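Structure record follows, encoded as structure tokens.
Computed from a prediction, not measured in an experiment: that's the story for all the values here. Here is the naming used below: chain letters follow the sequence lines, and residue numbers restart at 1 for every chain.
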2 protein chains.
Amino acid sequence: MISKRCKYAIKAILYIARHQDQKRPIFSTEIAEKESIPKKFLEGILRDLRNHSILISQRGRNGGYTLHRPTSEINLIEIIRIMDGPIALQPCVSLKYYAPCEECISEKDCVIRKVFIQVRDTTLDIFKNATIERLTSDYGEGNTAE
Amino acid sequence: MISKRCKYAIKAILYIARHQDQKRPIFSTEIAEKESIPKKFLEGILRDLRNHSILISQRGRNGGYTLHRPTSEINLIEIIRIMDGPIALQPCVSLKYYAPCEECISEKDCVIRKVFIQVRDTTLDIFKNATIERLTSDYGEGNTAE
DNA sequence: TAATATTATATCAAGTTAGTAGGATTAATA
DNA sequence: TATTAATCCTACTAACTTGATATAATATTA
Ligand code: FES
Ligand code: FES
């Protein structure tokens with residue numbers, strides 16, 4: 001399961017993306033209220049996203065948050081990895097957080113590893129295409145034809 | 001990530017499957033030693049699998065565990081669901097453990113839900129084909145052609 | 001300089017995970 | 001029938017994770 005922290009992050013980024021045309025930073029207070037996210041909890045999340053170059057923060061009076069990159073260059077893979085860590089279901093098949101499986105003797109002979117590699121690849125493929133741009137464009141609504 | 005409990009379950013079932021030709025129940029002690037699983041911890045897992053009709057247990061002196069069904073009728077979906085619960089990454093897209101998303105107002109208008117449905121479907125498809133029969137048959141080794 | 005925003009650190013309750021302990025129950029066999 | 005050897009059951013624990021809250025410091029600007 002995706003954590004609430006991660007889901008809040010996605011919703012916050014989507015909110016900022018939808019309101020970035022206003023050419024001003026968005027307050028954490030505004031996001032917290034509109035998206036029903038506990039304010040202090042959200043602040044930590046936004047700081048984390050800034051530390052990973054997803055957001056830019058502006059301190060002081062008229063401060064707030066803006067996107068660090070175009071919406072087409074932020075996807076769900078990156079957000080999930082920042083907030084929840086590995087997407088893979090086994091340590092040994094994680095690309096960004098690899099660790100050997102303690103319970104398995106040999107990766108080469110492991111019969112279940114192949115299955116988890118398949119799951120990882122299809123999952124990453126879907127999340128890679130899920131950019132903030134596509135998520136906000138309503139493009140996915142129904143099929144293209146008909 | 002898949003829990004250790006779940007991984008132990010998979011390994012235990014695979015072990016029983018590989019040794020079931022001996023026409024005798026397999027002891028938990030044997031599985032624990034050969035697969036390096038803490039014995040008492042394993043006992044709880046095996047009991048759980050029995051309660052969910054994956055294994056049959058025989059009590060008393062020459063007791064032990066056997067598979068409740070042919071290996072072709074046990075797949076990773078079922079095992080993971082028993083041990084770890086939902087496979088889906090959001091409550092609202094889980095088939096067996098559905099719950100509404102607290103953070104989302106409307107499932108219909110939720111832009112990220114569609115993505116998680118895709119992930120769920122491809123993941124379930126892969127795990128459904130990962131039966132104990134196929135995992136033990138070395139069939140997945142390399143490609144069929146070439 | 002006052003107001004308002006982010007930043008930072010510490011803390012906390014509840015839940016989950018991975019295991020351990022100790023014994024009760026059941027069944028074969030000597 | 002007593003012993004042995006297996007599963008079964010309940011309770012407990014330490015460490016970690018999750019979802020938050022509290023308090024105060026720092027930066028910007030009107
Ligand atoms: S080596 Fe990672 S699942 Fe076996
Ligand atoms: S309704 Fe479940 S992800 Fe939005």
Side-chain angles (χ1 to χ4, degrees), chain A residues 1-12 16 24-33 35-52 54-66 68 80 82-86 89-91 97 99 101-103, chain B residues 1-12 16 22 24-33 35-52 54-68 80 82-86 89-91 97 99 101-103:
Chain A
M1 282 278 178
I2 294 294
S3 70
K4 282 200 171 188
R5 211 177 131 76
C6 181
K7 198 157 174 184
Y8 288 155
I10 297 169
K11 299 193 79 174
I16 296 170
R24 58 153 183 97
I26 315 282
F27 309 138
S28 64
T29 308
E30 182 183 341
I31 303 171
E33 282 173 6
E35 298 291 337
S36 306
I37 304 171
K39 181 165 185 302
K40 279 294 188 182
F41 193 36
L42 177 63
E43 283 178 5
I45 294 167
L46 296 174
R47 213 175 317 127
D48 214 353
L49 291 171
R50 181 214 53 179
N51 290 338
H52 287 86
I54 302 285
L55 300 179
I56 294 169
S57 66
Q58 180 71 31
R59 297 177 72 158
R61 179 114 189 208
N62 293 330
Y65 299 89
T66 46
H68 187 279
I80 293 172
I82 291 169
M83 307 310 291
D84 284 358
L89 295 173
Q90 294 289 343
Y97 298 88
C101 284
E102 294 174 13
E103 310 82 18
Chain B
M1 284 278 180
I2 294 293
S3 70
K4 282 201 170 186
R5 210 176 132 77
C6 182
K7 197 156 176 185
Y8 289 155
I10 297 169
K11 298 195 79 174
I16 296 170
Q22 302 176 14
R24 59 155 182 95
I26 315 283
F27 310 138
S28 64
T29 309
E30 183 184 340
I31 304 171
E33 282 172 6
E35 298 290 339
S36 306
I37 304 172
K39 181 167 184 303
K40 280 292 194 181
F41 194 35
L42 177 63
E43 282 179 8
I45 294 167
L46 295 174
R47 213 175 317 127
D48 215 352
L49 291 171
R50 180 213 54 177
N51 290 338
H52 286 86
I54 302 285
L55 300 179
I56 294 170
S57 67
Q58 180 71 32
R59 296 180 71 160
R61 181 117 189 208
N62 295 328
Y65 299 89
T66 48
L67 296 182
H68 188 278
I80 294 172
I82 291 169
M83 307 309 290
D84 285 358
L89 295 174
Q90 293 290 344
Y97 299 86
C101 284
E102 294 173 13
E103 309 83 16

At a heavy-atom distance below 4.0 Å, which nucleotide of DNA chain D is the first touched by chain B, and which is the last? D/dT4 to D/dT10
Partner residues of A/Tyr8 under the ring pair (Phe, Tyr, Trp, His ring centres under 6.0 Å) criterion, sequence neighbours left out: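 Ring pair (Phe, Tyr, Trp, His ring centres under 6.0 Å) list for A/Tyr8, sorted by chain: A/Phe41.
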What residues form a ring pair (Phe, Tyr, Trp, His ring centres under 6.0 Å) with A/Tyr97, not counting sequence neighbours?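 Applying ring pair (Phe, Tyr, Trp, His ring centres under 6.0 Å) to A/Tyr97 gives none.
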Pick the closest DNA chain D nucleotide for B/Ile26 and for A/Tyr8 by heavy atoms, then say which residue is nearer the 5' end.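 Its nearest nucleotide being more 5', the pick is B/Ile26.
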For [X], side-chain hydrogen bond (donor to acceptor under 3.5 Å, both in side chains) partners two or more places apart:
X       : result
B/Lys40 : none
B/Ser36 : none
B/Thr66 : none
A/Lys11 : none

Mind listing the closest non-hydrogen atom pair of A/Pro91 and A/Cys101 along with its distance?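 Between these two residues, the closest heavy atoms are CD-SG, 4.1 Å.
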Heavy atom of residues 58-65 of chain B under 4.0 Å from DNA chain D: which residues?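 Going residue by residue through residues 58-65 of chain B, the ones with a heavy atom under 4.0 Å of DNA chain D turn out to be B/Gln58, B/Arg59, B/Gly60, B/Arg61, B/Gly64, B/Tyr65.
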For B/Arg47, the salt bridge (Lys or Arg N to Asp or Glu O under 4.0 Å) test, sequence neighbours excluded, returns none
Would you mind classifying the nucleic acid contact of A/Phe41 as base, sugar-phosphate or nothing, using non-hydrogen atoms under 4.0 angstrom? base
Just checking A/Thr29: base, sugar-phosphate only, or nothing, at a heavy-atom cut-off of under 4.0 Å? nothing
Which atom pairs, donor and acceptor, lie under 3.5 Å between side-chain atoms of residues 26-33 of chain B and protein residues at least two apart or in another chain?
| from | atom 1 | to | atom 2 | distance (Å) |
| --- | --- | --- | --- | --- |
| B/Glu30 | OE1 | B/Arg24 | NH2 | 3.3 |
| B/Glu30 | OE2 | B/Tyr15 | OH | 2.5 |

For the helix from C/dT1-D/dA30 to C/dA30-D/dT1, figure out the bend between the end axes, five pairs an end, and round to 10 degrees.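 So the angle between the two local helix axes works out to 10°.
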Base of C/dG22 paired with side chain of B/Lys40 (donor-acceptor, under 3.5 Å):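 A donor-acceptor contact between them is present.
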Below 4.5 Å, heavy atoms only, C-beta onward: do B/His68 and B/Ile54 meet side chain to side chain?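 The answer is no, as the side chains (C-beta and beyond) never meet within the 4.5 Å cut-off.
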Could you state the atom-to-atom distance from CD of A/Glu102 to P of C/dT17 in whole Å? 16 Å
